[in-house]
Student: 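My questions all concern the structure below.
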Amino acid sequence: PAPGVEPARLLAVAAALEARSEHPLALAVLDYAAQEHIAYQPAGEFQAVVGKGLTGQVDGAPAFGGNAALLREQSLLTDAVAREGAVLAGQGMTALYFACGGQMLGVLGVADVIRPGSAEAVRQMKGQRLRVVMLTGDNETTAKQIAAQAGIDEVIADVLPDQKEAVVRRLQQTGWVAMVGDGINDAPA
């Protein structure tokens, strides 16, 4: 939490926004809120901002949750919270920032878990002399941490969902491409 913010307040606002989200990371936030017995009402006037996060009304106030760019656009991201987010990213987590009522509430770190067998699948692909590239919307620090766990050497990070198709088309200029995605943000690519 940001200085002076109760952890329960941060988590309640995060859960209120994430309750309306279809993003896979939302489940981690909601699971944590349930584990901590946090009460919340789903956000009103909810809107997903592609590649950036979520907006809505929580307790009658405008609320924002998502990546640093979204909170910067709203002039809400503080240096202290941004530094905490950088630490989380360095540990391989996705930093999710939250603000409500004009106040920066803090940041939550959500870690992607490498699926069992992923590293072995990458190893087998490399054994077939295939080039394996991770294409992700995650920030570069987080992406490189996850890629290292999976044995992937090449990372293209910070790519918005509508930009992924263009990257795949660029990669196709060098040969055949197969795209594997795990969410709605990967559908166009």
Side-chain angles (χ1 to χ4, degrees), residues 10-11 14-36 38 42 46 48-54 65-70 84-98 106-189:
L10 167 60
L11 195 48
L17 285 168
E18 297 291 2
R20 305 278 310 272
S21 175
E22 295 178 353
H23 197 284
L25 295 180
L27 295 175
V29 174
L30 295 174
D31 285 348
Y32 183 55
Q35 175 186 322
E36 296 296 311
I38 299 296
F46 176 83
V49 182
V50 176
K52 293 185 180 175
L54 315 166
N67 65 22
L70 178 66
E84 288 298 321
V87 169
L88 294 172
Q91 296 170 354
M93 294 184 218
T94 298
L96 301 176
Y97 300 89
F98 294 92
V107 59
L108 298 176
V110 180
D112 285 327
V113 177
I114 298 294
R115 291 184 178 152
S118 293
E120 176 59 21
V122 169
R123 189 189 66 71
Q124 289 181 16
M125 285 186 270
K126 286 180 169 182
Q128 295 174 25
R129 301 182 67 196
L130 297 174
R131 175 182 172 202
V132 180
V133 179
M134 176 187 277
L135 172 60
T136 180
D138 287 341
N139 72 62
E140 188 171 6
T141 303
T142 299
K144 285 184 175 180
Q145 287 282 338
I146 300 298
Q149 293 174 36
I152 298 171
D153 304 316
E154 190 173 348
V155 175
I156 302 172
D158 295 309
V159 182
L160 295 175
D162 60 342
Q163 297 170 333
K164 287 183 178 180
E165 182 182 6
V167 173
V168 169
R169 287 189 189 282
R170 190 176 76 235
L171 291 171
Q172 286 175 327
Q173 294 174 359
T174 65
W176 292 98
V177 172
M179 167 73 180
V180 178
D182 68 351
I184 59 173
N185 289 338
D186 297 317

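The residues of the chain are indexed from 1 along the displayed sequence.
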Student: Sequence neighbours left out, what passes salt bridge (charged side-chain N to carboxylate O under 4.0 Å, His left out) with Arg123? Give chain and number order.
Tutor: Glu120
Student: How would you list, by chain and number, every residue that makes a side-chain hydrogen bond (donor to acceptor under 3.5 Å, both in side chains) with Asp31, sequence neighbours excluded?
Tutor: none
Student: Can you list the residues that meet the salt bridge (charged side-chain N to carboxylate O under 4.0 Å, His left out) rule with Glu36, with sequence neighbours excluded?
Tutor: none
Student: Do Val159 and Leu135 touch side chain to side chain, with heavy atoms closer than 4.5 Å?
Tutor: yes
Student: Only counting residues at least two apart or in another chain, list the ones meeting side-chain contact (heavy atoms from CB on, under 4.5 Å) with Asn139.
Tutor: Ala89, Thr141, Thr142, Asp158
Student: Check side-chain contact (heavy atoms from CB on, under 4.5 Å) between Ala28 and all other residues, then give those that pass, not counting sequence neighbours.
Tutor: Val110
Student: I'd like to check the salt bridge (charged side-chain N to carboxylate O under 4.0 Å, His left out) partners of Arg169; sequence neighbours left out, ordered by chain and number.
Tutor: Glu165
Student: Of all residues at least two apart in sequence or in a different chain, which pass the side-chain contact (heavy atoms from CB on, under 4.5 Å) check with Arg115?
Tutor: Ser118, Asp182
Student: Can you sort out the partners of Asp153 under salt bridge (charged side-chain N to carboxylate O under 4.0 Å, His left out), two or more places apart, ordered by chain and number?
Tutor: Lys126
Student: Output all residues satisfying side-chain hydrogen bond (donor to acceptor under 3.5 Å, both in side chains) with Glu154, sequence neighbours left out; order by chain, then residue number.
Tutor: Arg131
Student: Taking all non-hydrogen atoms of both residues into account, name the closest pair between Leu17 and Phe46 and its distance.
Tutor: O-CE1, 3.4 Å
Student: Any salt bridge (Lys or Arg N to Asp or Glu O under 4.0 Å) involving residues 141-151? Give me the pairs, sequence neighbours left out, ordered by first then second residue.
Tutor: Glu140-Lys144
Student: Hey, does Leu25 have a side-chain heavy atom less than 4.5 Å from the side chain of Thr94?
Tutor: yes
Student: side-chain contact (heavy atoms from CB on, under 4.5 Å) with Leu88: which residues, sequence neighbours excluded?
Tutor: Gln91, Met93, Val107
